[in-house]
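All remarks here apply to the structure that follows.
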Amino acid sequence: GMAEKVKDNWLAGGDVAAALGFAWGETGDWVNAVKWLDKALHAEKGDCPVRAVEQCANFRVRRSGERWALLRAQPDSAEREAERQDLVQHIEQAILELDAVSVRAPTPERLSLIGSAYKRLAWLQSDTGPRLEALVNMANAYRQAHELILKQAKEKNEHPVAYGFTNWATAKVLSGFYDPEQDTAWRKTLVDECREMVEAAQARNQHNPNYWDGVTEADCGLLLLLAQGVVAAEEAELANAIKDDADRIAKLYRAAAQRGSSPREYASVLEHLDFVIALSGISSDLALANALAALRAAL
């Protein structure tokens, strides 16, 4: 009786419910994570951290991503289409929530969560117009994240992390496949920026070996493989010097995984590659399609 009531009241507190939500999120159980963070957000007692809003939206996006992974494998049907549209709405709602938090206090993490939500939205969209719009929004969010990362790294005299850059540039290359009229100034510095990011990751990795810095070289190799068709001719020589064939990129990914990766980290690499394969399908470049397929098979 009494003990149950005390326990229920305690669990109803915003701070406790939020802590439970974060704990479920760590295990990758997005359903329970969202359930508890929703409770935290609606709690009348206790403090609910802003991070609960942000992570609740993030976990909703992750859950939608997992559902889409199952759905992608299914043949076209009215049910599949209804669920796809449902997932689009889930992600659009999560983006609104992330935007609300980010407008007041943009951080690289918040901006990259928005970028990641648009990345999944682009994948979910089947029509060219909405897909291009999501890619452009993905590029903008990751570009802002990257600029903040560079600014903070400079202030702290540290080497910057690359995920904002590689996702921004991937979105730019892909949106160029859908709309050749997109601006092209970014292409001129792409190869140099890749080299800078790889050097920064290598320097960071010497001090503190970690998976994400370990995959930077592979991510940049994949990016340049994808950008071959758009990098200006005079840059192509340069690009070829550090653009690697599928085989070498696969070796780099595998080496990073062998040095230590959680299943979730490795799954995110495969997911990124599947995303690139799905969205570059509009390109008529057969050599690229074959290289990407070979890379995916090697992982």
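Along the sequence shown, the residues carry numbers beginning at 1.
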* Asked: Would E81 and Q85 count as having a side-chain donor-acceptor pair, cut-off 3.5 Å?
  -> yes
* Among side-chain atoms of E97 and Q93, is any donor-acceptor pair under 3.5 angstrom? -> yes
* To do: Go through the structure and list residues passing salt bridge (Lys or Arg N to Asp or Glu O under 4.0 Å) with D99, not counting sequence neighbours.
  => none
Check for a donor-acceptor pair, side chain of [X] on one end and backbone N or O of [Y] on the other, with a separation under 3.5 Å.
X	Y	result
Y142	S116	yes
T166	A162	yes
R204	D213	no
S64	R60	yes
R84	L124	yes
N205	N210	yes
R131	L279	no
N167	Y163	yes

Just verifying a value: how many Å separate [X] [atom1] and [Y] [atom2], rounded to the nearest 0.5 Å?
X	Y	atom1	atom2	result
W68	L121	CH2	CG	11.0 Å
S280	L288	OG	CG	5.0 Å
R143	N140	CZ	CG	10.5 Å
L132	N137	CG	CG	9.5 Å
Q144	S112	CD	OG	11.5 Å
I91	Y118	CD1	OH	11.0 Å

Which heavy-atom pair separates [X] from [Y] by the least distance, and what is that distance?
X	Y	answer
L225	I249	CD2-CD1, 4.1 Å
R120	G65	NE-CA, 3.7 Å
L295	A246	CD1-O, 3.6 Å
A69	R72	CA-NH1, 3.4 Å

* Under the salt bridge (Lys or Arg N to Asp or Glu O under 4.0 Å) rule, what do E155 and K151 come out as? Steps first, then yes or no, please. => CA-CA 6 Å; E155 284 162 7; K151 184 167 167 265; 3.7 Å; yes
* **Salt-bridge contact E271-K119 (side-chain N to carboxylate O under 4.0 Å)** => no
* To do: Flag the pair E66 and R62 as a salt bridge only when some basic side-chain nitrogen lies within less than 4.0 angstrom of an acidic carboxylate oxygen.
  => no
* Asked: What is the ring orientation for F275 with W123, classed by angle as parallel under 30°, tilted 30 to 60°, or perpendicular over 60°?
  -> perpendicular
* **Close side-chain approach of Q152 to P160, heavy-atom, < 4.5 Å** => no
* To do: Check whether any side-chain heavy atom of F177 sits under 4.5 Å from a side-chain heavy atom of L226, and report yes or no.
  => yes
* Would you say E265 has more than 12 foreign heavy atoms packed within less than 6.0 Å of its CD? -> yes
* Are L150 and L111 joined in one hydrophobic group, where the rule is that I, L, V, M, F, W and Y side chains link up if heavy atoms are under 4.5 Å apart? -> no
